[in-house]
> 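Below is a structure I'd like to ask you about.
In what follows, chains are A, B, ... by sequence order, proteins preceding strands, each numbered from 1.
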There are 2 protein chains.
Amino acid sequence: MKTQSVREQLLEHTLVLIRRRGFNGFSYRDLADLVGVKTSSIHYYFPAKDDLVLEAVKEYSARISERLRSVDSSLSPREQAEGYLNFLRTAACGDQICLAGMLSTETLCLPESVHTELKQFYRMNENWLMGLIERAQSEYGKVYPVTPRALAQVIYGALQNGLIVARLFGAPERLESAADLLMASVSE
Amino acid sequence: MKTQSVREQLLEHTLVLIRRRGFNGFSYRDLADLVGVKTSSIHYYFPAKDDLVLEAVKEYSARISERLRSVDSSLSPREQAEGYLNFLRTAACGDQICLAGMLSTETLCLPESVHTELKQFYRMNENWLMGLIERAQSEYGKVYPVTPRALAQVIYGALQNGLIVARLFGAPERLESAADLLMASVSE
DNA sequence: GTCTATAAGGCGATAGAC
DNA sequence: GTCTATCGCCTTATAGAC
């Protein structure tokens with residue numbers, strides 16, 4: 001466990017708070033107590049709550065981007081999908097959903113700058129899944145009832161909802177219907 | 001426009017407020033101002049905010065239940081699905097997502113009684129879609145890469161996420177990828 | 001039923017000492 | 001950088017008059 005600066009600790013706990021309770025579901029006091037500072041110290045690093053959430057979504061997006069980028073593309077689409085799903089399965093066993101999935105329901109309460117980041121996040125994940133599907137299509141000659149783009153959007157949306165519903169039902173296996181469709185879509 | 005009792009007006013505006021901004025995103029003051037009463041009057045009908053949200057989700061669920069029940073089951077699966085989608089398309093053109101889709105992200109802030117209603121709501125919609133898919137399977141001899149139950153869960157989750165993302169992107173057509181998969185799944 | 005008044009505390013945010 | 005102190009407002013909720 002590496003030592004973190006106060007700013008890093010604030011951002012880290014903000015990620016957790018948002019993924020658990022949403023932008024409107026936590027306060028500066030909650031965050032300050034977790035880090036062990038006073039609320040006024042948060043304002044030193046993040047003048048307004050909008051600044052905090054913007055930095056949080058940028059950080060979260062950067063982490064997922066790095067994770068996608070680090071996937072070994074010499075693996076088969078099936079193996080790549082399995083790795084992607086195992087990451088989501090870990091989340092489905094806890095009480096945190098995707099940060100973007102949470103914030104996108106709070107769209108009307110968030111500034112344009114956050115919308116921009118959230119849209120980019122969705123596109124990044126959909127495009128990555130679409131790449132897998134297209135490769136399975138060209139290499140295995142698979143045929144789909146809808147376009148690879150539409151299928152990627154459906155699967156990604158179902159995975160997002162799967163995390164939400166897994167937590168609601170207290171049943172991580174709720175993610176598996178979407179996982180099954182993804183695996184079926186990229187398998188030979 | 002029928003005259004509504006104060007209680008009915010409160011519930012009606014609560015549905016809109018939750019679908020726009022979520023449970024943590026509106027206050028008794030917001031609601032009171034919309035109806036034109038004082039906040040203390042809300043407490044007369046709904047002692048606590050938890051009571052208000054519970055009644056709201058029950059009312060919303062009853063409306064969707066009635067809508068599903070009233071679908072003419074002599075229509076083809078394709079026609080039934082088209083009607084279901086047109087209802088969702090109307091929502092996707094406004095700024096309100098599904099009430100259950102919104103509240104399910106706020107699970108950790110809501111009482112057990114609301115969880116129970118939300119779970120029942122998800123099951124109702126998934127079962128209805130599964131019925132369509134199973135009928136298409138038996139009547140048209142369609143084969144799916146996953147079970148009808150899993151496919152119904154995937155499609156319903158993708159439709160829920162579709163409403164959220166349609167609003168985020170300001171693009172109602174974002175719902176169409178999930179709509180396309182549903183239509184492909186129930187067409188001859 | 002609806003109101004006024006108020007309780008008791010939480011909210012984001014700022015000023016200024018250290 | 002972090003603190004104390006405070007501002008001004010909002011929050012849910014209740015008591016009691018009408």
> Please determine whether residues L132(A) and M130(A) belong to a single hydrophobic cluster, defined as Ile, Leu, Val, Met, Phe, Trp and Tyr linked transitively by side-chain heavy-atom distances below 4.5 Å.
no
> Can you check the Y44(B) OH to dT14(D) C1' distance for me, whole Å?
16 Å
> Which of residues 12-27 of chain A have a heavy atom under 4.0 Å from DNA chain C?
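Hits under 4.0 Å, by residue number: F26(A), S27(A).
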> Rounded to whole Å, please give me the gap between CD in E8(B) and P in dG1(C).
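Computing the E8(B):CD to dG1(C):P distance gives 13 Å.
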> Should T116(B) and S113(B) be marked as a side chain to side chain contact (heavy atoms under 4.5 Å, CB included) after you check the CA-CA gap, both sets of side-chain angles, and the distance that decides it?
CA-CA 5 Å; T116(B) 303; S113(B) 55; 5.7 Å; no
> Side chains of Y84(A) and Q80(A) only: does a donor on one sit below 3.5 Å from an acceptor on the other?
no
> Walk me through it: do Y60(A) and I18(A) pass the test side chain to side chain contact (heavy atoms under 4.5 Å, CB included)?
CA-CA 11 Å; Y60(A) 185 80; I18(A) 293 177; over 6 Å; no
> Count the heavy atoms of every other residue, nucleotide or ligand shown that sit under 6.0 Å from NZ of K119(A), and state whether that count exceeds 12.
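Correct, the count exceeds 12.
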> Who are the salt bridge (charged side-chain N to carboxylate O under 4.0 Å, His left out) partners of E59(B), not counting sequence neighbours?
R63(B)
> Report all interatomic pairs (protein N or O, nucleotide N or O of nucleotides 7-9 of chain C) with separations under 3.5 Å.
none

> When the ring planes of Y156(B) and Y122(B) are compared, do they come out parallel, tilted or perpendicular, using 30° and 60° as the limits?
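Answer is perpendicular, since the angle exceeds 60°.
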> In whole angstrom, give the distance that lies between atom CG of L52(A) and atom C1' of dG12(C).
12 Å
> In the 5'-to-3' direction, what one-character label does each nucleotide of nucleotides 13-18 of chain C receive under the scheme B = base within less than 4.0 Å of a protein heavy atom, S = sugar-phosphate only, - = no such atom?
BB----
> What is the minimum heavy-atom distance between S104(B) and I164(A), and which atoms define it?
OG-CG2, 3.4 Å
> For the side-chain contact (heavy atoms from CB on, under 4.5 Å) test, which of V154(B), I155(B), T147(B), L151(B) pairs with S177(A)?
V154(B)
> Strictly below 4.0 Å: does Y45(B) bring a side-chain N or O up to OP1 or OP2 of dT2(C)?
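Yes, because at least one side-chain N or O of Y45(B) sits under 4.0 Å from OP1 or OP2 of dT2(C).
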> Using the test side chain to side chain donor-acceptor pair (under 3.5 Å), find all partners of E176(A) that sit at least two apart in sequence or belong to another chain.
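For E176(A) the side chain to side chain donor-acceptor pair (under 3.5 Å) partners, ignoring immediate neighbours, are R89(A).
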> What is the distance, to the nearest angstrom, from the CG atom on D33(B) to the P atom on dT12(D)?
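After rounding, the reported distance stands at 12 Å.
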> Please name all residues satisfying side chain to side chain contact (heavy atoms under 4.5 Å, CB included) with R78(B), sequence neighbours left out, ordered by chain then number.
S76(B), M183(B), S187(B)
